[in-house]
Amino acid sequence: MIESLIFGKVSFKIDGFDVSLLTEKLYKCCKVISLYTKSDSLYLTTSGRFEKRVTSLCEKSDCICDVIERKGIIYTLRRYFRRYGLLFGAVISAVIIFLLSNTVMKIEVTGISDESVISEVRSILREEGLRAGAYIPSLNYFKLANKLFASSDNVAWASIGNIGSVVYVNIGSPTLKPASENRRIPCDIVASRDAVVVGAEVMVGQLSVLIGDAVYKGQTLVNGRIERREGFPKYYHSYARITGRYEENINLYQPYVEETTVDGDKFYRRSLNLFELEIPLPGDILKNDAEYSIKSSTTPIKFLGLTLPVSVTQKEYTERIKDVVSYSTAEALQSLYSKLKNYESEILKDVTVIERNVSEVQTDDGVSLDVTYTLEGEIGIPSEIYIK
């Protein structure tokens, strides 16, 4: 059975004057699998390794020997031995499979969700040679993990390994103290700026000022150290909302002539992404000496509902051109008031504007706004109490 699998089987049809005389000789020269006569012809099936012996014996006996059938793996493969294109393709495929199996195609960072930390980890690994396209057998995972721990304060421990061509980097972040612990630290409430106290809501602690008092920056508003009748002080984590009224001054300036950056032409380029390898595709040619703002979108490629590790990235490059813009006095003021509106909607959104005085000042070079606000808002901030 094993011999037939290795060498295959050959079936012969033998014709001659008296083929019955060959029977004994055939049994001696080869391993007979089947042997019978039909219509004055002798039919023989034997192992493929005896094909030449049988042919030679028939020639010496003046018999005609025809091969009816050849069966077996060796005969199937023999058909392709001289097809050099298939052989070359098989060799190339084997080489590609070997290279891809031992080449980093993708790096997965797990254990953390902070994108800035993930970016930092990838940057450190890239400097140490772990990147898409790296040869996996040349990587020292223990050394890379130790380098991550030593180079980043955001890494408490790291383990690195690979499954196939995907390298997995598992990161542990330093354990932060719970916020509840900070709430138990004794503290006062002090003033964050010079102001007049107009409101106070004290939940924990002892109010040290009166409504209407003028206070200075750093002055204690709520005391977390409270004296007890027994003569021993007790310390609390003060919690209060102290509202103060104060003035704030800002200055906004708009020159008549300024250099600015405007959008220019748009260019589009695409790339084919295979895991983490990015293969550029034909697209617009970018200018070497230009600056661009870039927008990108990636579309994964799917097959039969499955998302493949292949995608196409489309990038839009908008040229950034430096230009000189001139303003009239009216245009400069319009720009300043637009900036002032943005300042009030963003910076002053958590305070109440009681009064606003605006002064317009014109010079030879531009226009400025001097703005004085009277504001009401939270002025209390925690200040830890250091106990000896």
Side-chain angles (χ1 to χ4, degrees), residues 116 179 182-183 185 187-224 236-263 293 295 318 320-385:
S116 62
N182 294 330
R183 293 174 185 169
I185 297 175
C187 70
D188 296 329
I189 302 294
V190 301
S192 61
R193 59 174 68 243
D194 297 344
V196 175
V197 178
V198 296
E201 298 178 40
V202 180
M203 279 64 77
V204 180
Q206 184 174 359
L207 186 63
S208 301
V209 295
L210 299 175
I211 304 299
D213 284 354
V215 296
Y216 56 87
K217 182 178 180 180
Q219 180 177 340
T220 300
L221 304 177
V222 177
N223 200 332
Y236 295 90
H237 181 95
S238 299
Y239 184 69
R241 175 177 175 81
I242 308 299
T243 305
R245 180 174 294 183
Y246 53 92
E247 287 190 353
E248 184 174 289
N249 298 305
I250 65 167
N251 178 269
L252 301 176
Y253 178 71
Q254 176 63 60
Y256 290 130
V257 179
E258 71 174 349
E259 187 178 86
T260 186
T261 303
V262 297
D263 291 344
S293 62
K295 295 180 181 178
T318 303
R320 303 294 288 165
I321 302 173
K322 291 183 178 179
D323 193 13
V324 176
V325 180
S326 299
Y327 296 92
S328 65
T329 300
E331 290 172 338
L333 285 172
Q334 183 179 2
S335 175
L336 286 175
Y337 278 106
S338 177
K339 293 178 182 178
L340 184 62
K341 182 178 180 181
N342 291 335
Y343 176 83
E344 292 177 353
S345 62
E346 296 296 329
I347 306 301
L348 303 181
K349 62 181 179 180
D350 295 326
V351 300
T352 302
V353 178
I354 304 301
E355 187 178 358
R356 183 185 75 172
N357 295 315
V358 181
S359 298
E360 299 176 1
V361 180
Q362 298 183 24
T363 65
D364 293 337
D365 299 324
V367 180
S368 64
L369 293 181
D370 291 326
V371 187
T372 301
Y373 289 100
T374 300
L375 305 173
E376 281 188 8
E378 172 67 50
I379 62 169
I381 57 174
S383 176
E384 292 184 14
I385 300 175

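- At distances below 3.5 Å, at least one donor-acceptor pair connects side-chain atoms of D213 with backbone N or O atoms of L210.
- When atom types are taken as modelled, the side chain of D194 and the backbone of K217 share a donor-acceptor pair closer than 3.5 angstrom.
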*Start with the C-alpha gap between L369 and Y337, add the side-chain angles, then the distance that decides, and say whether side-chain contact (heavy atoms from CB on, under 4.5 Å) holds.*
CA-CA 8 Å; L369 293 181; Y337 278 106; 4.1 Å; yes
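- Residues forming a side-chain hydrogen bond (donor to acceptor under 3.5 Å, both in side chains) with Y343 (at least two apart in sequence, or on another chain): E248.
- Between the H237 side chain and the I185 main chain, a donor and an acceptor come within less than 3.5 Å of each other.
- Annotation: the span from I379 atom CD1 to Q219 atom CD amounts to 9.0 Å, rounded to 0.5 Å.
- Here the CG-CD distance, from L221 to Q206, works out to 13.0 Å after rounding to the nearest 0.5 Å.
- Between the T372 side chain and the N357 main chain, no donor and acceptor come within less than 3.5 Å of each other.
- Proximity of a side-chain donor or acceptor of T261 to a complementary backbone N or O of R320 within less than 3.5 Å is not detected.
- Distance alone, capped at 3.5 Å, places no donor-acceptor pair between the T220 side chain and the N223 backbone.
- Within 6.0 Å of OH on Y327 lie more than 12 heavy atoms contributed by other residues, nucleotides or ligands.
- Remark: L207 CG to I189 CD1 distance equals 11.0 Å, nearest 0.5 Å.
- For the salt bridge (Lys or Arg N to Asp or Glu O under 4.0 Å) condition, the pairs that include at least one residue of residues 354-381, sequence neighbours left out, are R241-E378, R245-E376, E344-R356.
- From S328, atom OG reaches atom CD of Q334 across 8.5 Å, with rounding to the nearest 0.5 Å.
- Here the side chain of S345 pairs a donor or acceptor atom with the backbone of K341 at under 3.5 angstrom.
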